[in-house]
Amino acid sequence: ARPGGTLGALYGTGFERIPEGATCVMPDGSVKDISGEILYENGYPVQNKTELRYLGDTQPDWKGGITMKFSYRGLKLSVAADGQFGGHAWSLSNSMFSYLGKLNNSLEGRYDGLVGKGYVYDSATGTYSPNTEVTEEIGTYYDRVYNRDNVESNIFSTSFIKLREVRLEYSLPKKWMEKTRFLRGVSVAVFGRNLAMWTRWPQYDPEIAALNGSTITTGFESGQFPMTRSYGFNVKLQFQNPAVMKNIRTLCLTTLLAAATIVSCQKLEEMNNNPNQITLGETAPSSLLQNLLYDGNWTLQYRSWRING
């Protein structure tokens, strides 16, 4: 940040720009104001590596979200979306992929060169003219445009709108529950998270940050993976008698303890039979119960089948 600026201001180097007030006589004889246009030399853009310019702000102008819920008889639909507008960030992925020729923005001129859009300066006459020179090395051209030191070319808006979650739930009719004599309610739901995104951010996900030591710094993308899209389902059972829930919990815990004991005994027997053999990835018997309780598959099943008393 600088005096009079904002806390999230982004500064960086960029192209060499033509001074304010400069003009150019065009081929048709007209005079054009070319203030701020890119300066070219020998067919390539010139980069100013010393001057730091203000290129944007990491902080968005505003953020917001909305959740809509609809219900009809036993059906419930919930839709959640959020977004932010304003804000900018620097993208390392865009820089690397672009000057290495991995993106569509580096297709132009790959085989026969190109003429960059800018102006050249004639020191003998002190005048500017449109660049007409064809690049000889297209790799050099895109390196000048997109290399990581050219911060200006790799700054993008982080505005986005995301469809964060959609959930559809169906509750069985209460008259069906009355016939069971022990259930008070049953509902089944399916859901999806991070389903869609609308943004002009070129790579992956605009919700990014970087680690600077132990500090999380916004405004810098350095190859982070986007949020994953996930799907799931949920079953909720409600019992008329709370004692049923207590008995189920006791049964689950007893089953887990018994399973852990069996597995521990099997591991001890394997260790006695093969005292010199160590299998990569196996744990000591003392931690088997913890591993069993926190096993990924069991945890997913437990979270998917919720039992409320």
Donor-acceptor pair, distance only, cut-off 3.5 Å: does the side chain of [X] make one with the backbone of [Y]?
X	Y	value
T158	G87	yes
R53	F15	yes
S95	R148	yes
N154	W90	no
Q59	L7	no
E136	V134	no
S91	E221	no
T23	K32	no
T58	G8	yes
E133	V120	no

Neighbour count above 12 (heavy atom, 6.0 Å) for [X] [atom1]:
X	atom1	answer
E137	CD	no
W198	CH2	yes
Y204	OH	no
Y231	OH	yes
N104	CG	no
L107	CG	yes

Separation of [Y] [atom2] from [X] [atom1] (nearest 0.5 Å):
X	Y	atom1	atom2	answer
S106	E108	OG	CD	10.5 Å
E152	I38	CD	CD1	6.5 Å
L163	M197	CG	CE	12.0 Å
R167	N234	CZ	CG	5.0 Å
L52	Y11	CG	OH	9.5 Å
T13	K49	OG1	NZ	8.5 Å

Problem set entry | Sequence-distant partners of D205, salt bridge (Lys or Arg N to Asp or Glu O under 4.0 Å), two or more places apart |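 Partners of D205 by the salt bridge (Lys or Arg N to Asp or Glu O under 4.0 Å) criterion, ordered by chain and then number, come out as K162.
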
Kindly indicate whether the side chain of [X], heavy atoms from C-beta on, has any atom under 4.5 Å from the side chain of [Y].
X	Y	answer
I161	F85	yes
V188	F233	no
R144	P45	yes
Y142	L114	yes

Exercise. Do the rings of Y121 and Y128 sit parallel, tilted or perpendicular, given the 30° and 60° boundaries?
Worked result: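 Geometry flag for Y128 against Y121: tilted rings.
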
Exercise. Does the pair I138 and D112 meet the rule for a side chain to side chain contact (heavy atoms under 4.5 Å, CB included), with working shown?
Worked result: CA-CA 9 Å; I138 196 64; D112 52 1; over 6 Å; no

Exercise. Among L39, I18, T127, N131, which one satisfies side chain to side chain contact (heavy atoms under 4.5 Å, CB included) with Y119?
Worked result: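 Among the candidates, only I18 passes.
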
Exercise. Shared ILVMFWY cluster between F225 and L92, side chains joined below 4.5 angstrom?
Worked result: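 F225 does not cluster with L92.
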
